[in-house]
2 protein chains.
Amino acid sequence: MSATAEQVTKGERTRAAILERAVDLASLEGLEGLTIGRLAAELRMSKSGLFAHFGSKQELQLATVAAAADRFRVAVVEPAMGAGEGAPRLRALTESYLEHLDLYAGGCFWAATSIEYDDRPGPVRDAIAGALDAWLAGLTREAAAAGALDPDRFAFELYALTMGANSRFRLSGDRRPFEYVRAALASLEAELGD
Amino acid sequence: MSATAEQVTKGERTRAAILERAVDLASLEGLEGLTIGRLAAELRMSKSGLFAHFGSKQELQLATVAAAADRFRVAVVEPAMGAGEGAPRLRALTESYLEHLDLYAGGCFWAATSIEYDDRPGPVRDAIAGALDAWLAGLTREAAAAGALDPDRFAFELYALTMGANSRFRLSGDRRPFEYVRAALASLEAELGD
DNA sequence: CCTACCGATCGGTAGG
DNA sequence: CCTACCGATCGGTAGG
């Protein structure tokens, strides 16, 4: 009669499908460029039908950020957790980050939206900033475990290099930065033992 | 009677004032968020009066990109040309880049717009990509003069680190990355002599 | 450089 | 989840 805990209602499936597409669209066009009308047209729904799932554009944006965080965790973070903490895990995180850039049409969701929202105060910006801070904090933790003298600096460098590879790849189609990131990470690791 | 070469017409002054504001607005809100109506309101002009200077939104965007390139040349590149080529000039370029982030409300115009346009084919994207490629090429030239074993990799790393410092500063107000960039550049230079 | 428009699209609402 | 709307704003035009 009623839904069990395992059952996924039709509404939940629709909502998940909307957010899947919303993350892709936001990676491509930004969270402002993500319009309810366009999203509805791509999913062959009415605008108001889609709108009813969220109640406001801002709630759609917040749900999209949360869905992107889930996707990033599954595609980038969790696959690297099999590697031992410290240097092996930093290499695994870097590899899964670089690989996920080829998986999704819009490239890195966080690169696109963090730049877009850095000057737009509000809950959407706060959610994006929180996700980025958590990513940096994770890198810092692994850098510390790897024995980095300055884990914050190490984490910043790895963050900047991977995001930079995303930028260069998307703007110029240049894949050489992928190799430069790997080489730079190896150089950073070489400093660890000294 | 007629305008001499030195004379700046009123139309040219108005156009320059529009573009000055347009570069700031685009750094803050992106080149799509830069709307003719808002720009006109801020400059206390009519929409159509402003529009007449450019003829289309795309021409306004292209003129804004060109004005941003001029500003970057004056604020970042030219001040560093007094330093000797190679390592001293790389340090000077890095310093003037980091300083210019405090000078303008929206931070780095190129960080904001290159991410925004990496998925929007057309002349605006081409202009942005051309400016970024020229910046990378300049860094590569100086890295080669400094004796880098792989000038392209050196240039990419410096590009990624400086852009990364812009991102972290704007999203989290964290200025430590400015020091990390300086330290990383020093490490890169230390590799040169080896 | 202006006023006065245009059709399209925006986020959002009413009522079912 | 739909149709049928709303006021505001978008890029752009006509005519001066």
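Small disclaimer: the values here were computed from a predicted structure and weren't measured. In what follows, chains carry the letters A, B, and so on, assigned in the order in which the sequence lines appear, proteins first and then strands, with residues in each chain numbered from 1.
- Between A/L60 and A/L39, some side-chain heavy-atom pair lies under the 4.5 Å cut-off.
- Atom-to-atom, CG of A/L50 to P of D/dC2 comes out at 9 Å; the value is rounded to the nearest Å.
- Here the nucleotide nearest the side chain of B/T35, chosen from C/dG12, D/dG11, D/dC1, is D/dG11.
- Under the 6.0 Å distance and 45° angle rule, B/R71 does not count as a cation-pi partner of B/F109.
- The distance between atom CD1 of A/I18 and atom P of D/dC1, rounded to the nearest whole Å, is 6 Å.
- Taking 3.5 Å as the limit, the base of C/dG11 and the side chain of A/K47 contain a donor-acceptor pair of atoms between them.
- If you take CD1 of B/I36 and P of C/dC6, they are 19 Å apart, rounded to a whole angstrom.
- Listed by chain and residue number, nothing satisfies the salt bridge (charged side-chain N to carboxylate O under 4.0 Å, His left out) test with B/E85 (two or more places apart in sequence, or in another chain).
- Between the CZ atom of A/F54 and the P atom of C/dT13 there is a distance of 16 Å, given to the nearest Å.
- Residue A/L31 contributes atom CG, which lies 12 Å from atom P of C/dG11 at whole-angstrom precision.
- In this structure, A/R120 is positioned above the aromatic face of A/Y117, its NZ or CZ under 6.0 Å from the six-membered ring centre and within 45° of the axis.
- Taking a pair to require two hydrogen-bonding distances under 3.5 Å in either a Watson-Crick or a G-U wobble arrangement, C/dG7 pairs with D/dC10.
- In terms of polar N and O atoms assigned as donor or acceptor, the side chain of A/S48 comes within less than 3.5 Å of the base of D/dT3 in a complementary pairing.
- Going from atom CG of A/L34 over to atom C1' of C/dC10 covers 13 Å, rounded to whole Å.
- Across all strands shown, B/S46 has heavy atoms under 4.0 Å from base atoms, whether or not it also approaches the sugar-phosphate.
- Distance, B/K57 NZ to D/dT13 C1': 17 Å, rounded to whole Å.
- The CZ-P distance, from A/R15 to D/dC1, rounds to 12 Å in whole Å.
- Taking the six-membered ring where tryptophan is involved, the planes of B/H100 and B/Y104 are perpendicular, since the angle between them exceeds 60° and thus also 30°.
- When distances run from any side-chain atom of A/M45 to the nucleotides D/dC2, C/dG11, D/dG11, the shortest one goes to D/dC2.
- C/dG15 and D/dC2 make up a base pair, with Watson-Crick or G-U wobble contacts both under 3.5 Å.
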